[in-house]
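Working notes, structure below.
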Amino acid sequence: MSETPLDHLIKTNWTRAEIAEIYNTPVLELIYKGASVHRKFHETSEVQVCTLLSVKTGGCPEDCSYCPQAARYHTDVEASRMLKNQEIISKAKEAKESGSTRFCMGAAWREVRNGREFDRVVDAVKEINGMGLEVCCTLGMLTEEQANKLKAAGLYAYNHNLDTSEEYYDKIISTRDYSNRLDTLENVRKSGISVCSGGIIGMGEAEEDRIGMLHTLATLPEHPESVPVNALVPVEGTPLEEQEKVSVWEMVRMIATARIIMPKAMVRLSAGRVRMSVEEQALCFLAGANSIFAGDKLLTTPNPDTKTDKELFQILQIKPREAFKNEENTVKA
């Protein structure tokens with residue numbers, strides 16, 4: 001069997017119409033197409049295991065409608081000071097021992113401010129990088145100078161989600177513009193840090209908004225190396241507390257479409273996994289997901305515990321992807 005040329009799949013000039021056609025493919029055919037692209041660019045038996053730790057929880061001045069960390073909403077989340085680096089390092093060691101190969105630190109900040117707390121994050125990045133873990137941060141908006149400082153410390157990836165389409169964005173967030181999101185992604189890319197950016201479905205958006213978000217990601221000058229696909233976990237006290245659960249078929253459509261239009265990206269099955277059965281998660285992996293967050297909490301929302309995920313991996317016969325694996329995988333026939 002001769003090798004199939006795949007150059008036409010790696011492109012950044014997708015049209016919305018092209019992405020909509022893929023997204024609206026009959027679901028079983030879409031899963032097959034996502035799986036076919038996935039096995040050309042990735043090992044199907046590997047899933048990247050990431051741990052996300054909130055190093056500064058609550059008290060955020062933003063008004064993201066889905067987020068219990070916004071200071072203006074009355075939720076069970078209490079604002080706290082930034083964790084001490086000793087505690088952060090301890091959590092990173094625990095994550096590595098439990099099988100994670102990427103460790104992400106999240107802070108409920110609108111933007112990074114130069115000063116003592118940012119310097120502590122930089123110090124933590126240096127130490128965790130020295131442990132052999134891929135280090136990721138999600139700290140809000142970031143300047144190019146700050147991105148360069150994190151890169152010099154050894155930061156591997158920076159997460160800054162688009163959340164939704166540009167058209168729907170102001171229905172979810174009013175305290176910043178969509179362009180602010182894109183500016184941060186550009187600063188991260190300029191620094192040489194890998195880009196992690198995706199979004200959330202189930203916030204009342206239309207399918208056109210999901211397609212629009214994917215279109216924005218797939219038409220960046222370079223595709224994000226990681227694309228998290230989150231299903232909203234409604235939290236009491238937030239404006240979206242009454243939203244209905246996203247179906248597995250909606251997740252499958254997002255994951256398979258992301259896989260097809262951004263073949264080399266790690267597509268992460270992120271928030272909402274705690275509400276999915278083994279069979280539903282297996283469908284998402286089949287469609288092209290190859291990354292998860294491990295641990296019983298994602299910042300402030302629930303997530304499957306380590307024991308549950310180990311059982312999942314045993315049932316599906318998948319294994320954790322090693323850290324720092326070459327992203328430029330050889331295309332297989």
Side-chain angles (χ1 to χ4, degrees), residues 14 16 19-20 22-23 34 50 52 62-67 69-70 104 106 136 138 140-141 157-186 188-189 194-220 223-235 238-240 243-262 265-273 276 284 287-293 298-299 301 303:
W14 292 96
R16 283 203 182 204
I19 295 174
I22 293 169
Y23 182 92
C50 315
L52 175 59
E62 301 266 42
D63 67 352
C64 307
S65 299
Y66 54 81
C67 186
Q69 299 199 71
C104 187
C136 176
T138 178
M141 292 183 287
Y158 194 87
N159 167 263
H160 200 64
N161 289 333
L162 295 182
D163 289 343
T164 188
S165 70
E166 185 171 7
E167 293 81 3
Y168 195 66
Y169 190 78
D170 63 2
K171 307 294 191 303
I172 301 299
I173 303 164
S174 69
T175 48
R176 74 169 82 176
D177 296 328
Y178 207 69
S179 61
N180 297 142
R181 299 270 183 184
L182 296 174
D183 288 344
T184 291
L185 294 185
E186 184 179 0
V188 171
R189 180 62 75 193
S194 69
V195 172
C196 175
S197 187
I200 308 169
I201 65 172
M203 300 189 293
E205 76 285 346
E207 288 190 339
E208 289 78 6
D209 294 305
R210 299 175 184 180
I211 292 165
M213 181 187 72
L214 289 172
H215 176 257
T216 298
L217 292 170
T219 54
L220 291 171
H223 294 161
E225 284 80 4
S226 179
V227 179
V229 179
N230 297 277
L232 176 71
V233 178
V235 178
T238 65
L240 298 180
Q243 288 296 120
E244 294 183 3
K245 177 186 174 184
V246 168
S247 76
V248 66
W249 305 114
E250 294 172 278
M251 289 294 284
V252 161
R253 285 195 181 278
M254 287 295 292
I255 287 166
T257 304
R259 170 55 64 221
I260 292 166
I261 64 178
M262 294 174 281
M266 305 299 294
V267 179
R268 184 173 301 131
L269 177 59
S270 297
R273 202 164 57 84
M276 300 174 73
C284 291
N290 62 343
S291 180
I292 62 168
F293 278 121
L298 296 183
L299 296 180
T301 55
N303 194 55

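- Side chain of S226 to main chain of C196: no donor-acceptor pair is present (N/O by atom type, distance under 3.5 Å, no hydrogens or angles).
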side-chain contact (heavy atoms from CB on, under 4.5 Å) between R259 and N290, worked out: CA-CA 10 Å; R259 170 55 64 221; N290 62 343; 3.2 Å; yes

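- Closest non-hydrogen pair, I261 versus A218, comes out as CD1-CB, 3.7 Å.
- To the nearest 0.5 Å, atom CZ of residue R268 and atom CG of residue L52 are 9.0 Å apart.
- When all heavy atoms of V246 and M251 are compared, the pair lying nearest together is CG1-CG, 4.0 Å.
- For the pair L162/L182, a side-chain contact is recorded, criterion being any heavy-atom separation below 4.5 Å from C-beta on.
- Using a 4.5 Å cut-off on side-chain heavy atoms (C-beta onward), M213 and Y169 make no contact.
- One distance of note links CD of E208 with CD of E167; it measures 10.0 Å at 0.5 Å rounding.
- Among all heavy-atom pairs drawn from Y178 and T164, the shortest one is OH-O, 2.7 Å.
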Under the criterion side-chain contact (heavy atoms from CB on, under 4.5 Å), I'd like the reasoning laid out for T138 against N161: C-alpha separation, chi angles, the key distance, then a yes or no. CA-CA 9 Å; T138 178; N161 289 333; over 6 Å; no

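- T175 and D63 form a side-chain donor-acceptor contact under 3.5 Å, judged by distance and modelled atom types alone.
- Here the closest non-hydrogen pair linking L185 and S197 is CD1-OG, 3.7 Å.
- Judged by distance alone, the side chain of E225 and the main-chain N or O of A265 form no donor-acceptor pair under 3.5 Å.
- Between Y168 and D163 there is no side-chain heavy-atom pair separated by less than 4.5 Å.
- For the atom pair CG of D209 and CE of M203, the computed distance is 9.0 Å after rounding to the nearest 0.5 Å.
- Q243 contributes no side-chain N or O that, together with a main-chain N or O of P234, makes up a donor-acceptor pair within less than 3.5 Å.
- Note that the NE2 atom of H160 and the CE atom of M141 stand 7.0 Å from one another [nearest 0.5 Å].
- Between the side chains of N230 and Y66, no donor-acceptor pair is found at a separation under 3.5 Å.
- Between R210 and E250 there is a salt bridge, with a side-chain nitrogen of the basic residue lying less than 4.0 Å from a carboxylate oxygen of the acidic one.
- To the nearest 0.5 angstrom, D183 atom CG is 11.0 Å from R176 atom CZ.
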side-chain contact (heavy atoms from CB on, under 4.5 Å) between R273 and C284, worked out: CA-CA 10 Å; R273 202 164 57 84; C284 291; over 6 Å; no

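- Pairing each heavy atom of P228 with each of N159, the nearest pair is CG-ND2, 4.0 Å.
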After noting the C-alpha distance and the side-chain angles of T216 and E166, does the key distance pass the side-chain contact (heavy atoms from CB on, under 4.5 Å) rule? CA-CA 9 Å; T216 298; E166 185 171 7; 5.5 Å; no

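- Of all the heavy atoms in C64 and R181, the pair that sits closest is SG-NH2, 4.4 Å.
- Put simply, CE on M262 and CG on L214 are 5.5 Å apart, with the number rounded to the nearest 0.5 Å.
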